[in-house]
Amino acid sequence: MKFDFTYYNPTKIYFGRTAIDNLAPELEKYGENVLLVYGKASIKKIGLYDKVMEILSDCGKKVVELSGIKSNPTYAQMMEGARLVRENNVDLILAVGGGSVIDCSKGISVSAYCYGDPWERYWINGEQVDNRIVPVASILTMAGTGSEMNGGSVITNEDKMLKNGRVFGPEVYPKFSLLNPEYTVSVPKYQMVSGVFDIMSHLMEQYFSGDDDNTTDYLIEGVLDSLINATRKALKDPEDYEARSNIMWCATLGLNTVTGLSKTQDWEVHMIEHQVGAYTDCAHGVGLAIVSVPYYKHIYKYGIDKFVRYAKKVWGVDTDSMTKEEAALAGIERLAEFIREMGIPTTLREIGASEEMLPLIANSTVLGGGYKILDAQEILDILKECY
Ligand code: NZQ
Ligand code: ZN
């Protein structure tokens, strides 16, 4: 492999139907004040709220709640949580929900005792965290982001019309995460396929970079294969526990840093989607699906061998009688077919974007780790393709 790396991931994962049994013993390791963070209604509907409250009470915890975390969590909600942490001397932030709830909790964790404005310091300037970090733990209810085992925290600043991601170090990762695939059965189909595409996108963002012979790429191909199979099964039978388990674990593997090791990594689809999200508030994975096909059609020529390999290994395209160009495009077409098979929207128009928004959305960050460094005009052209 071309690059050196250090691998360290401190999140303890409890996976399976009885994962919740590990909550009480884990809680014993922290002080008595807990901030419980959750979304709008789902954890109450599935009975998880009552169960978690019962365990917290049995463990003698004093609980403060921050509910109503939005999909695409906001700076205002994060700062409200930071205030609650300070005022209640919180010892542990327990996030129960999807990526938005967990991301918001990590944001609260680093912001509560921040000197100055955390948005400017940590999300805009990328400064190292130099203040007290409040421990976070999670109970995951929706598979997608991988936030349960990483340092990512994507926050939307509504006043500034910016959705920015920050990847914090292992000290901000959840201390432990409970993953019970049964909780994901109640996720509406639209959100489920959005999560699935998010997982695919994380894997592809890492895969489409570099041209070396890298074990990580073989790993990604395997995870994508498992994800595609499991998704088809779960769409047929939403209660298929095996399929739900595979999707959930693919999500965690997709962004717990192991599938990015020694890769330069692209992330351009995510950078564009984050701005799409800031303007439309769309489901993250839906925005990614819309951007992906036009984006890959725009850049495949710059990494054509990898796109041929993707067509062959991930989608089983018989490329023997094809030119490289035909083979690469056949792989991207199979991706487009899978997006349609899952019933995900394929245009920005469908998620409420207007033509006037496109130049504003095009003003997104370019990281430069993929096969082509885009300029603002190219991003606008891609957005017009998506429209
Ligand atoms: O608010 P509630 O009522 O809980 O409903 C949620 C929400 O409406 C619902 N839901 C979650 N679990 C459910 C359920 N509904 C029924 N049953 C359940 N068991 O699903 C909806 C979406 O939840 P959300 O947490 O917003 O979704 P997701 O996990 O996709 O998170 C999206 C956010 O994560 C960021 C995205 O940008 C977006 O802001 N990301 C975080 C990353 C990270 N930390 O590493 C990386 C990603 O690339 C991504 O950017
Ligand atoms: Zn994502």
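As a basis for the values below, the full set of heavy atoms in this structure was taken, side chains included, without hydrogen atoms, waters or symmetry mates. Keep in mind it's a predicted model, so treat the numbers as computed, not measured. Whatever order the structure lists ligands and atoms in, that order sets their numbers, starting from 1.
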Exercise. Parallel, tilted or perpendicular for Phe338 and Trp315, by the 30°/60° rule?
Worked result: tilted
Exercise. Would Lys12 count as a cation-pi partner of Phe176, with NZ or CZ less than 6.0 Å from the six-membered ring centre and within 45° of the ring normal?
Worked result: no
Seminar exercise, completed: Note: OD1(Asp198)-the Zn ion (ligand 2)-NE2(His270) angle, rounded to 10 degrees, equals 120°
Problem set entry | Lys NZ or Arg CZ of Arg334 over Tyr296 ring: under 6.0 Å, within 45° | no
Exercise. Angle at the Zn ion (ligand 2) between NE2 of His202 and NE2 of His284, to 10°?
Worked result: 170°
Exercise. In terms of the angle between their ring planes, are Tyr75 and Trp119 parallel, tilted or perpendicular, with boundaries placed at 30° and 60°?
Worked result: perpendicular
Identify all N/O pairs between ligand 1 and the protein with a separation under 3.5 Å and present them as a table of atom names and distances.
from, atom 1, to, atom 2, distance (Å)
ligand 1, 1 (O), Lys40, N, 2.7
ligand 1, 3 (O), Lys40, N, 3.3
ligand 1, 3 (O), Ala41, N, 2.7
ligand 1, 3 (O), Ser42, N, 2.9
ligand 1, 4 (O), Ser42, OG, 2.7
ligand 1, 12 (N), Thr141, O, 3.4
ligand 1, 12 (N), Thr141, OG1, 2.8
ligand 1, 17 (N), Ser186, OG, 2.8
ligand 1, 19 (N), Thr141, O, 3.0
ligand 1, 19 (N), Tyr183, O, 2.8
ligand 1, 19 (N), Ser186, OG, 3.3
ligand 1, 25 (O), Gly99, N, 3.2
ligand 1, 25 (O), Ser100, N, 3.0
ligand 1, 25 (O), Ser100, OG, 3.4
ligand 1, 26 (O), Ser71, OG, 2.9
ligand 1, 26 (O), Ser100, OG, 2.5
ligand 1, 29 (O), Gly99, N, 2.7
ligand 1, 31 (O), Ser100, N, 3.3
ligand 1, 37 (O), Lys163, NZ, 2.9
ligand 1, 39 (O), Asn72, OD1, 3.3
ligand 1, 44 (N), Asp103, OD1, 2.7
ligand 1, 44 (N), Asp103, OD2, 3.4
ligand 1, 44 (N), Ser147, OG, 3.3
ligand 1, 44 (N), Gly152, O, 3.2
ligand 1, 45 (O), Asn150, OD1, 3.4
ligand 1, 45 (O), Asn150, ND2, 3.0
ligand 1, 48 (O), His202, NE2, 2.8
ligand 1, 48 (O), His270, NE2, 2.9
ligand 1, 48 (O), His284, NE2, 3.0
ligand 1, 50 (O), His274, NE2, 3.2
ligand 1, 50 (O), His284, NE2, 3.3

For this session: Assess Lys106 against Phe168: is NZ or CZ under 6.0 Å from the centre of the six-membered ring, and within 45 degrees of the ring's axis?
Result: no
Exercise. Within 45 degrees of the axis of the six-membered ring of Tyr113 and under 6.0 Å from its centre: does Arg86 put its NZ or CZ there?
Worked result: no
For this session: Describe, in one word, how the ring planes of His202 and His284 are oriented to each other, choosing from parallel (under 30°), tilted (30 to 60°) and perpendicular (over 60°).
Result: tilted
